[in-house]
Amino acid sequence: MRAAFLHRLNHAEEYLGVALLVVLGVMLTAQVIMRFGFGLGYSWIEEITRMLFIWVIFLGAVAAMRRNLHIRVEAGLLLFPKPLRPFAGWLGDLVLFAFCLAMTWHGIELAASTLDANFRLQSTGVSMFWPYLIVPLSFGLQALRLALWRFGLRP
């Protein structure tokens, strides 16, 4: 059951990331053609592409965490004596896990704060909840991936 859940989660992350990247590419291409080909430009396309770009980046961070490709200072581990390196690696991952949890918590607070106020994008009128939602979603998934990786539950 756990393997099936992780399998679905992996595909959902990748399909969403690829779909958003395709939409982002199509919208940017259309904007460039309209601007330089016809002298037209729409501010709502720029707002949406900016939001999609942020989502694609944060989903990419989740994919990197799942594949253990996140940025870490491997050279710093070489400064420790060989017997202490595994402990230092665990400590670094524990700090990263705490950071991901803190970002998830504060991201939830940030996204929720936009629901109380009428905080919207100017051209589209889209609630800022949607651009901010990726912060807790991404860091929560990264914390989950790090925990699964550290406890041997790799995909």
Side-chain angles (χ1 to χ4, degrees), residues 1-74 76 91-155:
M1 181 164 152
R2 183 173 36 207
F5 170 75
L6 289 177
H7 183 71
R8 284 191 197 108
L9 182 61
N10 293 345
H11 286 296
E13 290 169 356
E14 289 179 7
Y15 289 148
L16 180 60
V18 168
L20 293 178
L21 191 58
V22 167
V23 171
L24 176 66
V26 168
M27 291 184 80
L28 284 174
T29 301
Q31 179 75 340
V32 168
I33 290 170
M34 286 189 306
R35 178 166 289 158
F36 294 107
F38 303 106
L40 301 171
Y42 295 105
S43 60
W44 64 269
I45 291 179
E46 290 183 28
E47 272 187 1
I48 291 174
T49 55
R50 228 177 287 130
M51 185 172 53
L52 289 176
F53 187 67
I54 292 167
W55 271 72
V56 168
I57 289 170
F58 276 81
L59 286 173
V62 174
M65 184 69 78
R66 179 166 45 99
R67 291 179 175 89
N68 196 27
L69 298 173
H70 59 286
I71 297 172
R72 56 188 308 163
V73 183
E74 295 288 336
L91 183 62
D93 285 345
L94 186 60
V95 169
L96 178 59
F97 183 75
F99 175 77
C100 287
L101 289 181
M103 289 299 293
T104 301
W105 177 258
H106 291 296
I108 290 169
E109 288 179 336
L110 177 65
S113 73
T114 64
L115 296 174
D116 296 337
N118 193 14
F119 193 33
R120 299 187 172 279
L121 293 170
Q122 190 170 356
S123 295
T124 58
V126 171
S127 171
M128 284 302 291
F129 173 81
W130 298 108
Y132 289 160
L133 179 63
I134 191 58
V135 173
L137 186 65
S138 173
F139 281 101
L141 287 171
Q142 288 181 63
L144 173 68
R145 295 303 186 171
L146 182 60
L148 291 174
W149 180 79
R150 264 301 176 183
F151 292 107
L153 299 172
R154 295 186 195 192

**Report entry** Distance-minimising heavy-atom pair for Met51 and Pro131
**Finding:** SD-CG, 3.4 Å

Query raised in the report: So, do Leu137 and Phe58 sit near enough that their side-chain heavy atoms are less than 4.5 Å apart?
Result: no

Query raised in the report: Does some side-chain heavy atom of Glu47 sit less than 4.5 Å from a side-chain heavy atom of Val126?
Result: no

Query raised in the report: Can you tell if the side chain of Met65 reaches within under 4.5 Å of the side chain of Leu96, non-hydrogen atoms only?
Result: yes

**Report entry** Atom pair OG (Ser43) and CD (Gln122), whose distance is rounded to the nearest 0.5 Å
**Finding:** 7.5 Å

Report task. Kindly give the heavy-atom pair with the smallest separation between Phe97 and Leu146, and that separation in Å. Result -> N-CD2, 3.6 Å

Query - Arg145/Glu13 salt bridge by N-O under 4.0 Å criterion - result: yes

Report task. Quick one: do Glu46 and Gln31 satisfy side-chain hydrogen bond (donor to acceptor under 3.5 Å, both in side chains)? Show the steps, please. Result -> CA-CA 8 Å; Glu46 290 183 28; Gln31 179 75 340; 3.2 Å; yes

Requested in this report: Using a 4.5 Å cut-off on heavy atoms from C-beta on, say whether the side chain of Ile33 contacts that of Phe38.
Outcome: yes

Query raised in the report: Taking atom OG1 of Thr124 and atom CH2 of Trp130, what is their separation to the nearest 0.5 Å?
Result: 13.0 Å

Query raised in the report: Are the aromatic rings of Phe99 and Phe139 close, with centres under 6.0 Å apart?
Result: yes

Query raised in the report: How far does CD1 of Ile45 sit from CZ of Arg35, to the nearest 0.5 angstrom?
Result: 9.0 Å

Query - Note: Glu14-Arg66 ion pair, threshold 4.0 Å (strictly below) - result: yes

Query raised in the report: Can Arg50 and Trp55 be said to form a side-chain contact (heavy atoms from CB on, under 4.5 Å), step by step?
Result: CA-CA 9 Å; Arg50 228 177 287 130; Trp55 271 72; over 6 Å; no

Query raised in the report: Among pairs that include at least one residue of residues 92-102, which meet side-chain hydrogen bond (donor to acceptor under 3.5 Å, both in side chains), considering only residues two or more places apart or in two chains?
Result: Arg72-Asp93, Asp93-Arg150

Query raised in the report: When you look at Gln142 and Ser138, which way does the side-chain hydrogen bond (donor to acceptor under 3.5 Å, both in side chains) test go after all the steps?
Result: CA-CA 6 Å; Gln142 288 181 63; Ser138 173; 2.9 Å; yes

Query - Tyr132 side chain reached by Glu109 side chain, heavy atoms, under 4.5 Å - result: no

Report task. Supply the atom-to-atom distance Ser127 OG to Leu115 CG, rounded to the nearest 0.5 angstrom. Result -> 6.0 Å

Query raised in the report: Can you check whether Pro136's main-chain N or O pairs, donor with acceptor, with Trp105's side chain at less than 3.5 Å?
Result: no

**Report entry** Interatomic spacing from CZ in Phe53 to CD1 in Ile57 - rounded to 0.5 Å
**Finding:** 3.5 Å

Report summary line: So CD1 of Ile134 and CG of Leu20: to nearest 0.5 Å the spacing works out to 8.0 Å

Report task. Heavy atoms only: give me the nearest Ala111-Phe129 pair and the separation to one decimal. Result -> O-CD1, 3.4 Å

